[in-house]
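Computed from a predicted model, the values in this text were never measured in an experiment.
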Amino acid sequence: MKSSELRQSFLSYFESKQHQIVESSSLIPGNDPTLLFTNAGMVQFKDVFLGEDLRPYTRATSSQRCVRAGGKHNDLENVGYTARHHTFFEMLGNFSFGDYFKKEAITYAWEFLTVVLKLPKEKLLVTVYADDDEAFDFWHEMIGVPKEKIIRIGDNKGARYQSDNFWAMGDTGPCGPCSEVFYDHGEHIWGGPPGSPEEDGDRFIEIWNVVFMQFNRSADGSMAPLPKPSVDTGMGLERIAAILQGVHSNYEIDLFQNLIAASAKAVGTEDLASQSLRVIADHIRSCSFMIVDGIIPSNEGRGYVLRRIIRRAIRHGNKLGQKGVFFHKLVTALDIEMGEAYPELTKLKERIASILLKEEEQFAKTLDQGIKILEEAIANLGDAKTIPGETVFKLYDTYGFPADLTNDVARENNLEIDDAGFEKAMEAQRTRARSASNFTMDMSGSINLDSVTEFTGYDNLNGSCEIEAIIADGVSVDSIDAGQTAAIILKTTPFYGESGGQIGDQGWLRGSGAFKVSNTTKQAKAHLHHGELREGSLRIGDVVAGEVDRTMRMATALNHSATHLMHEALRRVLGDHVTQKGSLVNAERLRFDFSHFEGVTAAEIEQVEDMVNEQVRLNRPVETEIMDVETAKEKGAMALFGEKYDSEVRVLTMGADYSIELCGGTHVKRTGDIGLFKILTESGTAAGVRRIEAVTGTVAIDTVRHTDSILEDVAGLLKGNKENVLDKVTALNEHARSLQKELDVLKGKMAALAGADLASQAVDITGGKLLVAQVEVGDPKELRDLLDELKSKLESAVILLASVHDGKVSLIAGVTKELTKQVKAGDLIKMIAPLVDGKGGGRPDMAQAGGNNPESLPAALALVPGWVAERV
């Protein structure tokens, strides 16, 4: 059976058992901030199990895509080296939300495995929690599993209820025993059954876990039975596919074999048994679906995990001899395998390939050099078996090698890495970063705190510069050698030092050594060029050629100039109270915080955009003047937030006096250089402070194109075009309203039919009829409508209706006018409501109440006839 057929077979089987097929949720958990990625099928149903969400179904089944490559659940280092570890996998699951429990869950699992999949019964064994006699009896007496093949697993993790067979959602909350199904691969494979000393072997493989959520654990550790026990199961698609296809490793199933073949073709190898091909085939799945769900490579959080996985795949391709880009080409092969099950993959495959290609190109620049350094370090180890932490850190910090990637290479050479040394170097870097960001670097020693760096970078991005001081590890030194990180102070520099919200420049200092500048900051009047000496050596007094990263500087200038124009536009649209409260300007976008008492409306956003883009189209020159502060004030210049100014200041004028501000940053020559200005978001950050993020230039153009593409997609779905999409949506909305009206009419008719049926169930009492019934209605309004319908039909009656919705009881009592002297609706409600842990009241003819104990409802309703009989 193919993997795709297995997936569909599972879903179809449970659909035939009245389960709702639910689509896989995103890899980004929407309801659990404690998880980095969705790592199990139950994650999207967590709020349902906790009673915080109500679905229109009580049984569900899904094939959930999962990632375990970061945080608590991290299988990354094992991927490619074991038969069953993956960064990405699919979890088949069936769930009961207070519907069926152990008997049905066990029956379904066994029937699907042995009847639908036709697995030999003698190949299966099961585990249960040691105290779970109920599950044991179901497996043995109902299913017929021999007692010797049912293994009780006790508290094997050091405390009560700490067991491989006792599952908990957290330290408190829903929990319960679980029962696992294992497949026996045969005596020819080493390993023992679960619970034995050899249980970590590969003979007995867990294929299905059935969790019985039947308790609620309190903070004091006590266990109380849940009012609605539930079921959560999980079965790895890849594991069960391996068994059905007669192979021992997940990487031998059809899905992976096709991806491995495509990977081999992409990297140019014929060794299909290579572990590196397994890594690549696994990683294209996780990387592609992470991008599908909106994650992009970055240096933090989920984006950093994605970048690590991409680079690990590229390194393994490089190991097989592929020096060019290849990874992005595998998206097409993945789409062939999984696009039918996940159409979103097909829709976004070009974007996925584009993002992966960009990452490949970026990493390829440093991969070869990093590998050479690592190989040299290994060659120099001699008899040692551990790669020093300093080497691991250097590869990470300089060449973008995550530590686990270096660990891969070490493992291939039967070596280890010095994790403690690496962490020590990382912590030292964090300390330096904190110091640099706060401009508090220790400049004690022989450094002259009166050092003044002359900035020459307004008009030139290159320049000859003399080294005045070098700081390494917080102290002044005379020289540095290749591999050392430092901060270099120059007498003159074209590098802009971070200030006024604008990030510092990056680039190179080249002389007798090549120094990579990763950031430039200011301390007092000195510019500090932070980075690493990549080759050679540098000394105080050396003359170096400064080369600023031109692309980054120009993109930053566009955003900085646009910030000034936007600031003025905001003041003109919103009022003079608008002042800058914070700013960040880099090469990607601008972020601007400002004082304002309410959210900026869409119309106001449009006005601001129009004003800025008008100045862009006018293409007026950007002028700078140096003058004293008082003259600047008379000219009407505004000072930027957080900037300090000397007695003489730099005044920036844009658009023929449209905007006049004091600013020491770098800017465009003419407003037209900005190209296009587009606001992305507007939000509040604190009381009275708003934030706008915007883009310019090619980034803005790309943003508009993306929005246009989305509009085209929407138009396509509506079988229209961009010109009539609004009409199409309006028509669709009107149609939905019409259908809702029809639905309301049908509900009314159904209520009338229900009323007629209920009316026939009324019994005679003195002076009229008595009707007591539990009904299924959607909300209290429907309950009231049904009561009115019944009062009309029965004419003279005492009526009590009850419903249970979302674990809550709704009660309503009605007494027709003829009987209110004997029986009052309010009294009836006051009698019955406490019996269901509720309270309520009302008029003699109609009263309502709510309750929290639906289990007591049947007994409470049974008391009503006697109570009424005493009064009529």
Side-chain angles (χ1 to χ4, degrees), residues 51 53-56 58 736-765 767-865 867-869 871-872:
D53 183 21
L54 181 67
R55 302 290 177 91
T58 57
R737 289 180 181 176
S738 176
L739 291 176
Q740 184 61 52
K741 290 180 180 178
E742 292 180 21
L743 181 60
D744 291 341
V745 172
L746 289 174
K747 281 185 177 180
K749 292 180 178 179
M750 291 177 67
L753 291 173
D757 181 59
L758 285 171
S760 67
Q761 301 176 29
V763 298
D764 292 328
I765 59 172
K769 299 279 188 179
L770 170 64
L771 176 61
V772 180
Q774 182 174 341
V775 297
E776 294 185 5
V777 296
D779 56 50
K781 182 181 183 303
E782 290 184 32
L783 202 60
R784 288 193 299 271
D785 292 343
L786 183 57
L787 176 68
D788 292 340
E789 181 73 21
L790 289 167
K791 289 172 72 175
S792 175
K793 288 183 179 295
L794 294 175
E795 296 182 351
S796 179
V798 175
I799 303 168
L800 179 69
L801 301 178
S803 69
V804 177
H805 181 71
D806 197 16
K808 302 291 185 181
V809 177
S810 292
L811 298 167
I812 190 167
V815 182
T816 56
K817 186 176 181 181
E818 296 81 1
L819 291 171
T820 52
K821 290 183 179 180
Q822 297 99 314
V823 179
K824 291 180 172 51
D827 293 341
L828 176 55
I829 285 294
K830 289 177 182 177
M831 182 279 294
I832 195 172
L835 301 179
V836 291
D837 295 343
K839 59 182 180 179
R843 306 186 308 269
D845 63 329
M846 197 276 283
Q848 291 179 275
N852 299 308
N853 189 357
E855 287 74 20
S856 301
L857 182 59
L861 295 179
L863 297 176
V864 175
W867 187 89
V868 173
R871 289 162 174 75
V872 295

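Remark: Lys830 engages no residue in a salt bridge (charged side-chain N to carboxylate O under 4.0 Å, His left out) (not counting sequence neighbours). Residues that satisfy the salt bridge (charged side-chain N to carboxylate O under 4.0 Å, His left out) test with Asp764, not counting sequence neighbours, are Lys769. Remark: Thr816 pairs with Lys791, Ser796, Glu818, Leu819 by the side chain to side chain contact (heavy atoms under 4.5 Å, CB included) rule, at least two apart or across chains. For the side chain to side chain contact (heavy atoms under 4.5 Å, CB included) test, residues two or more places apart in sequence or in another chain that qualify with Arg843 are Asp845, Met846. A search for side-chain hydrogen bond (donor to acceptor under 3.5 Å, both in side chains) contacts involving Glu742 returns nothing, not counting sequence neighbours. Checked against side chain to side chain contact (heavy atoms under 4.5 Å, CB included), Glu795 has no partners two or more places apart in sequence or in another chain.
Atom CG in Leu758 sits 7.0 Å away from atom CG in Leu801 (nearest 0.5 Å). Between Leu811 atom CG and Leu835 atom CG the span is 9.5 Å, to the nearest 0.5 Å. To the nearest 0.5 angstrom, Leu794 atom CG is 10.0 Å from Leu770 atom CG. To the nearest 0.5 Å, atom CD1 of residue Ile799 and atom CG of residue Leu787 are 5.5 Å apart.
Residues Gly841 and Ile829 approach most closely at N-CG2, 3.8 Å, considering heavy atoms. Among all heavy-atom pairs drawn from Ala833 and Gly840, the shortest one is CB-N, 4.3 Å. Ser803 and Leu783 make their closest contact through OG-CD2, 4.1 Å (heavy atoms, listed as atom of the first residue, atom of the second, distance). Nearest heavy atom pair, residue Ala813 against residue Ala825, reads O-CB, 3.7 Å.
For the pair Trp867/Ile832, no side-chain contact is recorded, criterion being any heavy-atom separation below 4.5 Å from C-beta on. Looking only at side-chain heavy atoms (C-beta outward), Val798 and Val772 stay at 4.5 Å or farther from each other. You'll find the side chain of Gln848 reaches within 4.5 Å of the side chain of Arg784, heavy atoms only.
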Pairs of donor and acceptor atoms involving the side chains of residues 851-863, under 3.5 Å and at least two apart or interchain, shall be tabulated with distances.
residue : atom : partner : partner atom : Å
Asn852  : OD1  : Lys808  : NZ           : 2.9
Asn852  : ND2  : Asp837  : O            : 3.4
Asn853  : OD1  : Glu855  : N            : 3.4
Asn853  : ND2  : Ser856  : OG           : 2.7

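In this structure, Ser792 contributes its side chain and Glu789 its backbone to no donor-acceptor pair below 3.5 Å.
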Derivation of the side-chain contact (heavy atoms from CB on, under 4.5 Å) call for Val804 and Gln774: CA-CA 8 Å; Val804 177; Gln774 182 174 341; 3.8 Å; yes

